[in-house]
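Worksheet: the structure to be examined is printed underneath.
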Amino acid sequence: MKLKIFGFYYFLLCAFLFSSYEVHANTEGEKLVSGCNELMGMYKNRSEQRFLASQMTSSSDSLLAGFCLGAAKAYMDTHFSSCRHNDWYELAESVAGMWSLNDSSGSVSSLLKQACSN
């Protein structure tokens, strides 16, 4: 009986340690690109969400999408004149297209600056 209890606690401890490791393995830039991909999946265009998109995504995907939306809007508010995109949707779409680049491991501001020039 004690062995079963010990095994159960050992399993929980390992699951907790490995799950937290994966969360911290991604850089902020990778989270931004992933979040912008999720955000583009939720919107048909800049003003219309896809039907039931918010109900079909997980909490973590929704948080990543919100991270992208907030970062894109904040960057557009402060760097609008230096960005070739007209709004947050175009900027987020540009960031979402950066998933295949090796430099998605950079900082959020450097990725947004690079996306503004694309």
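Sequence positions, counted from 1, serve as the residue numbers for this chain.
In this structure, the separation between CG on Leu111 and SG on Cys116 is 11.5 Å, given to the nearest 0.5 Å. Between the OG atom in Ser62 and the CZ atom in Phe67 there is a gap of 15.0 Å [rounded to 0.5 Å]. In this structure, Met76 CE and Asn86 CG are separated by 7.0 Å, a value rounded to the nearest 0.5 Å. Leu63 contributes atom CG, which lies 10.5 Å from atom NZ of Lys31 (distance to the nearest 0.5 angstrom). Put simply, CG on Asn37 and CD on Glu93 are 10.5 Å apart, with the number rounded to the nearest 0.5 Å.
Residue Ala65 comes nearest to Met42 through the heavy atom pair CB-CE, 3.8 Å, listed as atom of the first residue, atom of the second, then distance. When all heavy atoms are compared, the tightest approach of Met40 to Ala92 is CE-CB, 3.8 Å. For the pair Leu112 and Ala71, the tightest heavy-atom approach, listed with the atom from each and the gap, is CD1-O, 3.8 Å. Of all the heavy atoms in Cys68 and Gly35, the pair that sits closest is CB-C, 3.6 Å. Closest approach of Cys83 to Leu91, counting heavy atoms only: SG-CD1, 4.4 Å.
Two residues are said to be in side-chain contact when any heavy atoms from C-beta on lie closer than 4.5 Å; Asp77 and Trp88 fail this criterion. Side chains of Ser94 and His85 form a contact here, defined as non-hydrogen atoms less than 4.5 Å apart. In this structure, the side chains of Val108 and Tyr75 stay at 4.5 Å or more apart for every pair of heavy atoms.
Leu64 is not connected to Leu32 by any chain of hydrophobic side-chain contacts under 4.5 Å among Ile, Leu, Val, Met, Phe, Trp and Tyr, and they are in different clusters.
In the model, Ser107 has a side-chain atom that pairs as donor or acceptor with a side-chain atom of Ser110 under 3.5 Å. Side-chain contact annotation: Asp61 with Ser58, donor-acceptor N/O pair under 3.5 Å present.
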